[in-house]
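Here is how names work: the chains are called A, B, and so on, in the same order as the sequence lines, proteins then strands, and each is numbered from 1.
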There are 2 protein chains.
Amino acid sequence: MDSSSTRRQVTRQKLYEAAVTLIAEQGFSSTTVDEIAERAGVAKGTVYYNFKSKTELFEELLRHGVGLLTASLRAAADETEERGGTKVEALDAMIRAGLGFIDRYPAFTQLYVAELWRTNRAWQSTLLVVRQEAVAVVETVLREGVDNGELSKEIDIPLTAAALVGMVLVAALDWQAFQRERTIDDVHSALSLLLHGRVSGRR
Amino acid sequence: MDSSSTRRQVTRQKLYEAAVTLIAEQGFSSTTVDEIAERAGVAKGTVYYNFKSKTELFEELLRHGVGLLTASLRAAADETEERGGTKVEALDAMIRAGLGFIDRYPAFTQLYVAELWRTNRAWQSTLLVVRQEAVAVVETVLREGVDNGELSKEIDIPLTAAALVGMVLVAALDWQAFQRERTIDDVHSALSLLLHGRVSGRR
DNA sequence: ACTTTTGGACTGACTGGTCAGTTCAAAAGT
DNA sequence: ACTTTTGAACTGACCAGTCAGTCCAAAAGT
């Protein structure tokens with residue numbers, strides 16, 4: 001993460017890690033600052049020395065995590081681009097990147113989904129910005145695909161982007177929570193089949 | 001349940017309605033029983049006369065809501081069956097039914113998604129049962145479709161069911177939260193296009 | 001070399017408020 | 001007669017945020 005490994009950075013990182021799992025399991029409100037501090041192996045005061053409030057800690061956590069996700073999606077898209085792949089291939093690569101992210105940071109994903117559609121919460125505006133960054137990456141690829149004729153002009157870009165993201169998110173969380181025995185490749189090919197429209201039996 | 005007393009049922013219904021919107025907005029832990037009672041226009045004592053605890057109220061809410069959803073999905077599937085429609089048509093009808101449900105009970109959907117993948121919570125077992133009921137309806141249709149050759153034998157039924165449910169859920173929540181101007185038909189056709197594999201530009 | 005000062009990082013007991021759940025006598029509803 | 005609801009007061013656990021003080025390594029002073 002942050003290259004300048006000052007003492008402070010190390011502490012913040014420990015706090016992120018402690019907070020993300022606790023909040024994913026219990027939700028924001030029923031996770032106490034004492035718990036976070038204890039899990040991070042740090043005194044409660046340290047939390048407040050490093051963050052203005054419990055909410056601010058959480059918001060920075062969100063920014064941090066979504067930053068990692070969008071970076072990973074963009075990398076997948078760019079890499080396909082460089083290889084001269086099609087846009088559908090880019091989408092496929094992004095699905096895989098998304099699954100990889102969720103596999104590596106399941107707690108973060110859980111927490112993100114749980115908070116995303118809540119209204120009236122302190123961090124709504126942060127979430128909105130951060131969501132748009134992630135969805136925009138998918139929308140861009142869809143738009144390019146429509147422009148070069150590879151994708152149907154009929155598609156509704158924002159809605160399709162949302163549906164694709166949702167498909168990946170929910171399938172992956174379900175996999176993590178209820179179907180642990182599957183491999184990431186199982187999940188990827190199930191989603192790939194849907195993306196390529198090969199669910200109905202023709203061919 | 002106790003079909004005897006109508007008065008009690010009315011009170012419980014008012015409490016469900018109050019609780020569902022408040023919890024969807026704020027989450028379970030930061031919603032107080034006093035708030036729920038006030039919004040329902042009922043005394044606090046009444047809450048505890050009708051439910052053992054705040055948690056129990058919430059669990060019954062979950063059961064109640066998912067009951068409505070599965071009933072609506074099953075109705076859509078059965079109706080298509082009776083009309084002699086194909087399985088893909090049944091899936092399409094279920095997507096529409098799902099969207100209709102989310103449109104009618106957005107708060108419930110929000111709350112369900114927020115809680116579904118949490119681990120270590122009091123009501124986890126309730127959620128697990130209730131989730132399985134809903135997903136099973138989709139899995140059944142997929143299985144029948146594979147059996148009669150209408151759907152590809154390649155598909156992984158549990159994963160595809162999860163992905164389809166996720167697609168609908170997330171697209172609909174996004175629609176409700178961020179793209180209110182769209183109609184339910186916009187959303188339905190975007191999802192339908194995906195289901196039929198007509199995203200790639202061929203015809 | 002040696003003492004002293006500085007300041008960033010951390011500590012943990014404490015405070016003030018909040019909230020689930022209880023109690024109960026009286027009223028309302030059926 | 002009986003079930004259900006009311007309303008308001010009360011308890012005790014719990015928790016976000018505070019703050020006076022500790023720790024320590026490196027800089028400054030002698």
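Taking the side chain of Thr11(B) as heavy atoms from C-beta on, and the options dC15(D), dT5(D), dA9(C), the nearest nucleotide is dT5(D). When each of dT11(C), dT22(C), dA9(C) is scored by its nearest atom to the side-chain atoms of Val42(A), the top-ranked nucleotide is dT11(C). Among the nucleotides dG17(D), dA9(C), dT30(C), the one closest to the side chain of Arg7(B) is dT30(C). If you check dT18(D), dG21(C), dG8(C) against the side chain of Tyr49(A), the one that comes closest is dG8(C). Closest to the side chain of Asn50(A), out of dC15(D), dT4(D), dC10(C), is dC10(C). In the set dG12(C), dT11(C), dT5(D), the nucleotide with an atom closest to the side chain of Thr46(A) is dT11(C). Distance from the side chain of Lys54(B) is smallest for dG21(C) among the nucleotides dC10(C), dG7(D), dG21(C). Nearest to the side chain of Ala43(B), among dC10(C), dT6(D), dA20(C), sits dT6(D).
Along DNA chain D, the nucleotide nearest Gly45(A) and the nucleotide nearest Phe28(A) are compared for position; the residue whose nucleotide lies closer to the 5' end is Phe28(A). Judged by closest nucleotide on DNA chain D, Gly41(B) is the one of Val33(A) and Gly41(B) placed further toward the 5' end.
Relative to the ring axis of Tyr48(A), Lys54(A) does not place its NZ or CZ within 45° and under 6.0 Å from the centre.
Regarding Arg12(A), its CZ atom lies at a distance of 14 Å from the C1' atom of dC10(C), rounded to whole Å. Computed from coordinates, the Tyr48(B) OH to dT11(D) P distance equals 18 Å when rounded to whole Å. Regarding Lys52(A), its NZ atom lies at a distance of 16 Å from the P atom of dA16(D), rounded to whole Å. Spacing between atom CD of Gln9(B) and atom P of dT5(D) amounts to 11 Å, rounded to whole angstrom units. In this entry the distance linking CD of Glu38(A) with P of dG12(C) reads 12 Å, nearest Å. Spacing between atom CG of Asp34(A) and atom C1' of dG17(D) amounts to 10 Å, rounded to whole angstrom units. Rounded to whole Å, atom C1' of dT5(D) lies 14 Å from atom CZ of Phe51(B). The distance between atom CD of Glu35(A) and atom P of dC14(D), rounded to the nearest whole Å, is 12 Å.
Residue side chain Lys44(B) reaches the base of dG21(C) through a donor-acceptor N/O pair under 3.5 Å, judged by distance alone.
For Glu144(A), the CD atom sits in a packed shell: over 12 heavy atoms of surrounding residues, nucleotides or ligands are nearer than 6.0 Å.
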Quick one: do Glu81(A) and Lys87(A) satisfy salt bridge (Lys or Arg N to Asp or Glu O under 4.0 Å)? Show the steps, please.
CA-CA 8 Å; Glu81(A) 180 85 15; Lys87(A) 294 304 171 188; 2.9 Å; yes
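Pair assignment for dT30(C) gives dA1(D), based on Watson-Crick or G-U wobble hydrogen-bonding distances that are each under 3.5 Å. When both distances must be under 3.5 Å, the Watson-Crick or G-U wobble mate of dT18(D) is dA13(C).
Contact annotation: the side chain of Trp117(A) approaches that of Val113(A) to within less than 4.5 Å [non-hydrogen atoms, C-beta and beyond].
At a threshold of 4.0 angstrom between heavy atoms, the contacts of Thr55(B) with the nucleic acid are absent. Contact annotation for Ser30(A): no contact, since no heavy-atom pair falls under 4.0 Å across all strands.
A side-chain hydrogen bond (donor to acceptor under 3.5 Å, both in side chains) with Thr126(A) is found for exactly one of Arg131(A), Glu115(A), Glu60(A), Glu59(A), namely Glu59(A).
Between Phe58(A) and Trp123(A), the ring planes are perpendicular. Angles over 60° get that label, and only those under 30° would be called parallel.
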